[in-house]
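Here the structure comes first, spelled out in structure tokens, and everything after it is commentary.
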There are 2 protein chains.
Amino acid sequence: MAEPDTRTRILEAARRLFHEQGYGATGVATILREAGVHPGSLYHFFKSKEELLAALLEHYPALFAPIVAGPIEAATRDPVARVFALLAFYRKGLEESGCRLGCPIGNLALEVSDNHPEVRPLLERNFAMWSGTVSGWLASARLRPGTDLDRLARFVLAVMEGAVMQARGAGSLAPFDAAVAELRRHFDLLQGKAGAARARKRKR
Amino acid sequence: MAEPDTRTRILEAARRLFHEQGYGATGVATILREAGVHPGSLYHFFKSKEELLAALLEHYPALFAPIVAGPIEAATRDPVARVFALLAFYRKGLEESGCRLGCPIGNLALEVSDNHPEVRPLLERNFAMWSGTVSGWLASARLRPGTDLDRLARFVLAVMEGAVMQARGAGSLAPFDAAVAELRRHFDLLQGKAGAARARKRKR
DNA sequence: GTCGGACTTGAATGATCGCTCAAGTCCGCG
DNA sequence: CGCGGACTTGAGCGATCATTCAAGTCCGAC
């Protein structure tokens, strides 16, 4: 495994640190230390800390398909099951970090959108890609007539982000699981599985 | 209108600034300027910036009932309508600020929960109070049997926070409205209003 | 009247912030 | 070999960060 080049090491360190501590709370000095790089190098590739963030946000959508969506699509055929596999992915991230690490985009969205308006389009592109993927999955689901798939996908994203937020605040997975369980119910109803008891029993 | 006392002016300035710019991005110097106060005074009342935040988070639950929940309860009797009036309240905040100001707790939850674990219980208390209020409202709603009200309330909170987050990222109310519309559908289904078209027509 | 504690004043602290830049190394190309 | 551009080195910039503290004002209690 050859040492990755400088630019990559910087991006990787920044990605990890922004995810763990947030953008504002991460000093450039920390990124430099973690990447094993000197200030001049960083500012050779990125003309500011903010542009480093922008580069990261541009990079994210390219990672989502291979790392997150792909494995789920390979392992799961049923469209609705895919959605919940996606939520399980975020749950795993929460669990493994003691409810500290959430969605890398969502974290930044609230922190950064005000003070740095120029990254807003990048945030929206990430959200759009995420919900677009979910919407694409659901196209082949048998849902009640009149279901707006884009709307439903935005809804799933909202539930996920809100659930992650509560879990991090509480330091517990309970609120996350509660929100996901209720989302499951919504899908049950959309699929016409009215009797919750029966649907619950045959747990895939 | 007498000038409020120093401690109150500090809290008020901090509340506004933390809401507008976040905790980390707000310097103590800014708080001092906005409150018209000298450093010594602030540190007389609060032994650190972090304790100032804690005091704020302790104060919030006391504001929710009179300012948010109270007026809604007075204006609206129907439990489900109350929930959507609550969501409309946050929508108004987004609209009036050009999608910049979201939920004051949610903003802080993601930013602060990692680096300052001691405020986590306070965040959770705020979330619990919010969802507790919603849960209380829904107790008198006629929903499908087997509906878990606390779970449903956590779900509503997740949708709200996630919707606000997307709206701020996008700089548009569209994702917010989409998420809320889908939540409306969930409640329609929970209330047995299967025919979406009919339910949509008699718009309250 | 005077004493003491609550509160204010505001200069100053060291640390850390994001960032600059002149000098130097390295390597491919002529 | 020698030139030039890509990249690295690392000291150091001014600004801002949260915080401190000695001095001073104010006011109610005795």
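Excluded from the calculations below are hydrogen atoms, water molecules and symmetry mates; all remaining heavy atoms, backbone and side chain alike, are included. Throughout, a chain's letter reflects where its sequence line sits, starting with A, and its residues are numbered from 1.
Screening B:Arg168, B:Glu20, B:Glu161 for a side-chain hydrogen bond (donor to acceptor under 3.5 Å, both in side chains) with B:Asn107, the sole residue that qualifies is B:Arg168.
In this structure, A:Val28 reaches the sugar-phosphate backbone alone: every heavy-atom distance under 4.0 Å involves primed, P, OP1 or OP2 atoms, never a base. Across all strands, A:Gly27 comes closer than 4.0 Å only to sugar-phosphate atoms, never to a base (heavy-atom distances). Counting non-hydrogen atoms under 4.0 angstrom, A:Thr26 reaches the backbone sugars and phosphates but no base.
Separating the CG atom of A:Leu32 from the P atom of C:dT16 is a distance of 15 Å, rounded to the nearest angstrom. The nearest whole Å value for the distance from the CG atom in B:Leu53 to the P atom in D:dA18 is 13 Å. Atom CZ of B:Arg7 is separated from atom C1' of C:dA6 by 14 Å (rounded to the nearest Å). Distance A:Lys49 NZ to C:dT20 C1': 17 Å, rounded to the nearest Å. Taking atom CG of A:Asp5 as the reference point, atom P of C:dC26 lies 18 Å away to the nearest angstrom. Remark: P of C:dG18 and NE2 of A:His116 are 11 Å apart, rounded to the nearest angstrom. Taking atom CD1 on A:Ile10 and atom C1' on C:dG18, their separation rounds to 14 Å, with Å as the unit. At whole-Å resolution of the value, CZ in A:Arg33 and P in C:dT16 are 11 Å apart.
Remark: aromatic rings of A:Phe176 and B:Phe155 are distant, center separation not under 6.0 Å.
Mapped onto DNA chain C by nearest heavy atom, A:Gly40 and A:Ala29 fall at different nucleotides, with A:Ala29 at the one closer to the 5' end. Heavy-atom nearest nucleotides on DNA chain C were determined for A:Ser41 and for A:Gly24, and the one closer to the 5' end corresponds to A:Gly24.
For B:Thr6 and C:dT8, the shortest distance from a side-chain N or O to OP1 or OP2 is below 4.0 Å. Dashed line: the shortest gap from a side-chain N or O of B:His38 to OP1 or OP2 of C:dG10 is under 4.0 Å. Close to D:dT19, at under 4.0 Å from its OP1 or OP2, lies a side-chain N or O of B:Tyr43.
In this structure, the nucleotide among C:dC7, D:dT8, C:dG10 sitting nearest to the side chain of A:His44 is D:dT8. Set against D:dT19, C:dC19, D:dT8, the side chain of A:Phe45 has D:dT8 as its closest nucleotide.
Of all heavy-atom pairs spanning A:Thr133 and A:Ala69, the tightest one is CG2-CB, 4.1 Å.
In this structure, the side chains of A:Leu52 and A:Tyr43 stay at 4.5 Å or more apart for every pair of heavy atoms.
Side-chain atoms of A:Arg185 and B:Thr147 include a donor-acceptor pair closer than 3.5 Å.
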